[in-house]
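Here the structure is laid out as structure tokens; the discussion comes afterwards.
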Amino acid sequence: MAKRTFDHAAVEKKWQKRWAELQVYKTAENRVRPKKYVLDMFPYPSGEGLHVGHPKGYIATDIYSRYSRMKGHEVLHPMGWDAFGLPAENYAIKNKIHPRAAVDKNIANFKHQLAHIGFDYDWTREINTTDPAFYKWTQWIFLKLFEHGLAFQSNEPINWCPSCLTGLANEDLDGAVCERCGTPVEKKRLPQWVLKITDYADRLLKDLDTLDWPEHIKEAQRNWIGRSEGAEIDFPISFTREGTGKLAQITVFTTRPDTLFGATYLVLAPEHPWLVEALSRGDVFENTKEVAAYVAQAAAKTEIERSAEEKEKTGVELRGIRAMNPATNEAIPVFTADYVLGSYGTGAIMAVPAHDERDFLFAKKFELPIRYVIDPVTGEPQDNPKHKEKIVAVVEDGEGNVLTIKWPQELGGRLLVGGTIEEGEDPLTTALREIAEETGYTDIEPIERAEETVHHSYFAFSKNQATVAHTTLVHCRLRSDARQKQQLEENEAGKFEVEWVSVARARKEIHDDQHQRALSRFTGSASYSGDGLLARSGSFSGKKNRAALQEIVAMVGGRMVTRYKIRDWVFSRQRYWGEPIPIIHCATCGAVPVPYEDLPVTLPDVERYEPTGTGESPLAAISDWVNTTCPKCKGPAKRETNTMPQWAGSSWYYLRYMDPHNDEQLVSASNEKYWGPVDVYVGGDHAVRHLIYARFWHKFLYDISVVTSEEPFARLEFLGFILAEDGRKMSKRLGNVINPDDVVAQFGADAFRLYEMFMGPFSNTTAWSTASIAGSARFVERVWNAQDLVVDAPVPALLTPLAQTVKKVSEDIEAFKFNTAVSQLMIFINAIEEAGAIDKSSWSAFVRVLAPFAPHLCDELWSCAGEAGSVHTAPWPEYDSAALVESRVTVGVQVNGKRRGEVTLANDASEEEALAAVYANDSLNKLLSGRTLTRTIYVPGRILNIVAPGP
RNA sequence: GCCGAGAUGGCGGAAUGGUAGACGCAUCGGGCUUAAAACCCGAAGAGGGGCUAAAAAUCCUCGUGUGAGUUCGAGUCUCACUCUCGGCACCA
């Protein structure tokens, strides 16, 4: 039979034209059908154009939306452009054209590239964030935020990128460098517009639980919001030189108020307002100069410098003042140190070196007292335990080794020296005695005895006794290696070995957590951040630390508070290419919002749109735009010249697609009610920034009744990137970019689509493989040729495969498991070829389930089969669930859990029939002869396991 | 350091606790061809025994990052560990 070759270029052209003519993908508004809003994260139209990684998500939403349409949904599947922001502006500056022209050109290019792939977008709903008709509503939202007190002016220091010459939000940083250009950011005091996203922190966190999103994205958002519960506690301040009411106390934030009795000093961030105030008075401190110098030095450092100095703590004591620990009434010193951040909590901490690693390091360096107020509790809690007083001794040899005893595994493996304190014995004496008895060493010098006691619960199997050991940790040093010979010989003949091992090895090989604690207490980090029983804590001593936490706060008049890491959204950019912030500054009225009826405030043309670097936007130079009249008093006034960040438009664009041409409203109530929220949102990256900003704005719009759902994106599917064939990121610089235009020209749009979906799980990052795409092209050819096998008569062999295919493809599309859907379609074409024929109705069903993946091919096949209209508006096929299972099935046979053969049975065969078939099988029969069947496990259609001990 | 996700042939990957490696790529053998490409048919986890002129069928052992455990049966469940990727990180 002559093979026909699928002329993909001609077919693509034909159907793309026809779809447009017939308006196959026009979103209808009749609303009798259930809706499905399927959305891609809209692209930033860069000058580089699309590479093959970009369309992956678009193909997925295209398949999903085509499937939904065939399933009878009204589908909204739009596309648009996120075109404000630095990349477009920088591109324009570099190429010496206006950003507007650059954006228009890039959009045209993107659209042209997308058109080749055959997407079902309704282009009548296209949006563009730089279109004044669009950004009118971005400005409208800003005014609403302003009206509700959520947009305010601030003069706090912000992150400033000295290369991009603009202020940045916290979300725009990658660690402590500008996310765009990698330049370390500086702190700069600039008048800024800030959005109060922190007011929504709690809801942004809580409502994550309601979302059908990938766990890692929810987790990233939780990390970013960073909720922590703690307390604010006031520490009164006393002065040796001068004090005033304003400086009478310092409030700290701590998540561990339970350790208050162990707070031995306070630390203020160098930028703490109390400190600024005190310094301004000049004579509060005895060492004003020194303090001022430290503060100045900290202010000059970039974030990187401040944290890159790793671990090594710096700081200065504020001499001349003392704080009073409100729990102990002790006067304690106050420091300023840059390990405390001004922007978190209250900018001041109480330092508890015994129970906080950072405070410990600082206390060691400045020789401050360390007071242990929590006795660690370790081991498994026991019923009715017997109490014992014990010691655990860390013996060092001065060369980095510790003395250990290697017991048999069942007695705990490697341990330190330990033992029971005898009646009236001093723990140090016990330690020396036990060391001598167990290891033979006698010339041991005790160094330190830990102030705290470890309470360790365990079950002593040797004595069959539940036990709690109240253990004193002892630190000793080997003076000389003199040993009692006799003792040594006795023990080494016994059941354990005495060994000196390095601290690192001991840490690895000692598994008992009490002994671990002893080891780290004297050789590692001595601070203990775990839970236990309060000690040296007045009347709270002996209580569980967590249980007493609130009482301690109450006793000292503190407040339980919740704090968040997330910062308010710095919303001003000193750049040209963004939405003008619709505010007018009037000398008499202050910041006055532009009246709603005057929106949009359009971006004027400028001579130079390069950033000025002065902290002013290029707009400031256009005097006839800047100078205006105050809407309130009609006096002379100036426009705000900062623009909005790139993320403004994308924070609400998904709403505009629902009603893109509405001049009166951002979105009509009825359209929003019908289409919202987005059912499936697809994209990669942006785990925090875009998604948290959009959720914030959406919640605000919900609060002012513009939208009716609390969350914008009900379900999110994360897109895994496509790497270049060499496994690296695709980039122009590396010269490994693959252009979809070329792939489509060579293999066809349908093969391209199938390949991208078949590459692997949708959220996986996978390298492109030009060799592999040939497989998808072969599949397209085979489907094209299979139409020659269509016959009138039924083909029974295909009944089951067809039912399985319709079922699996439907379920897989809904679950975004496109790779296995494509695999099932391949299995079916294999079945057609094996059967050598396919009946008309099965063919029709197959063409329809393949249509979302290969829309051009399938519309051509559809019309070749004599069907009217487009396959994409045909109903999705049903399947016969009775046909899902083959009538005869192959069942694996296991003997004692190991696969030994298989038998073919009717799908509803009984266990007896199955066993009979096993005995009818020669080799299985032989294997089982002489054995007694003790048990059989039969899972019909799956497995028959025969438990039969050997002969 | 804390949190999250993951680890399966040469490669991408499949597998409601039930025949591991579906489907595809690459590979090898054969066909078609003057030849090559394309296309078609077939083989294939690793190792071994075995049969043989040489193979095949058949048989055994091992095999889903490592080690234990639960189970008639574990890629899948539990515990411990290693590594990879991602998020946060001096956040008190």
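It should be emphasised that the depicted structure is a prediction, and the values quoted were computed from it without experimental measurement. Labels below follow one simple rule: chain letters A, B, ... track the order of the sequence lines, proteins then strands, and each chain is numbered from 1.
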Got a list of side-chain donor-acceptor pairs under 3.5 Å for residues 935-942 of chain A, not counting sequence neighbours?
{"residue": "T936(A)", "atom": "OG1", "partner": "E911(A)", "partner atom": "OE2", "Å": "2.3"}
{"residue": "Y938(A)", "atom": "OH", "partner": "A909(A)", "partner atom": "O", "Å": "2.9"}

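- The side chain of Y339(A) places no N or O atom within less than 4.0 Å of a non-bridging phosphate oxygen (OP1 or OP2) of A92(B).
- By the salt bridge (Lys or Arg N to Asp or Glu O under 4.0 Å) test, D209(A) is found to be paired with R222(A), residues two or more places apart in sequence or in another chain being considered.
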For this session: Between protein and nucleotides 23-31 of chain B, map the contacts as a letter string: B base, S sugar-phosphate only, - none, heavy atoms under 4.0 Å, written 5' to 3'.
Result: BSSS-----
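- Counting non-hydrogen atoms under 4.0 angstrom, R563(A) reaches nothing in the nucleic acid.
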Could I get a table of every N or O pair under 3.5 Å where one atom is in the protein and the other is in nucleotides 6-10 of chain B?
none

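- Going from the C1' atom of G31(B) to that of A38(B) covers 14 Å, rounded to whole Å.
- For D234(A), the side-chain contact (heavy atoms from CB on, under 4.5 Å) criterion is met by Q249(A), T251(A), R559(A), not counting sequence neighbours.
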Seminar exercise, completed: For nucleotides 65-76 of chain B, 5' to 3', base contacts (B), sugar-phosphate-only contacts (S) and non-contacts (-) with protein non-hydrogen atoms under 4.0 Å give -------BS---
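- Legend: residues meeting salt bridge (Lys or Arg N to Asp or Glu O under 4.0 Å) with D212(A), ordered by chain and number and at least two apart, are absent.
- For the segment residues 900-911 of chain A, the set of residues with a heavy atom within less than 4.0 Å of an atom of RNA chain B comprises R900(A), E902(A), in numerical order.
- For A89(B), the OP1/OP2 oxygens have no side-chain nitrogen or oxygen of N223(A) closer than 4.0 Å.
- Of the possible donor and acceptor atoms, one in the side chain of S910(A) sits under 3.5 Å from a partner among the backbone N and O of E913(A).
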Seminar exercise, completed: Applying the Watson-Crick and G-U criteria (both distances under 3.5 angstrom) with [ ] for crossing and | for other-strand pairs, one obtains for RNA chain B (((((((..(((.....[....))).(((((.......))))).((((..........))))..(((((..]....))))))))))))....
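- Residue P761(A) is classed as a sugar-phosphate contact, given heavy-atom separations below 4.0 Å to backbone atoms only.
- The salt bridge (charged side-chain N to carboxylate O under 4.0 Å, His left out) pairs that include a residue from residues 753-764 of chain A are D62(A)-R753(A), where partners are two or more places apart or lie in different chains.
- Not counting sequence neighbours, K218(A) has no partner by the salt bridge (Lys or Arg N to Asp or Glu O under 4.0 Å) test.
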Seminar exercise, completed: Reading nucleotides 41-47 of chain B from 5' to 3' and marking B where a protein heavy atom lies under 4.0 Å of the base, S where only the sugar-phosphate is that close, and - otherwise, the string is -------
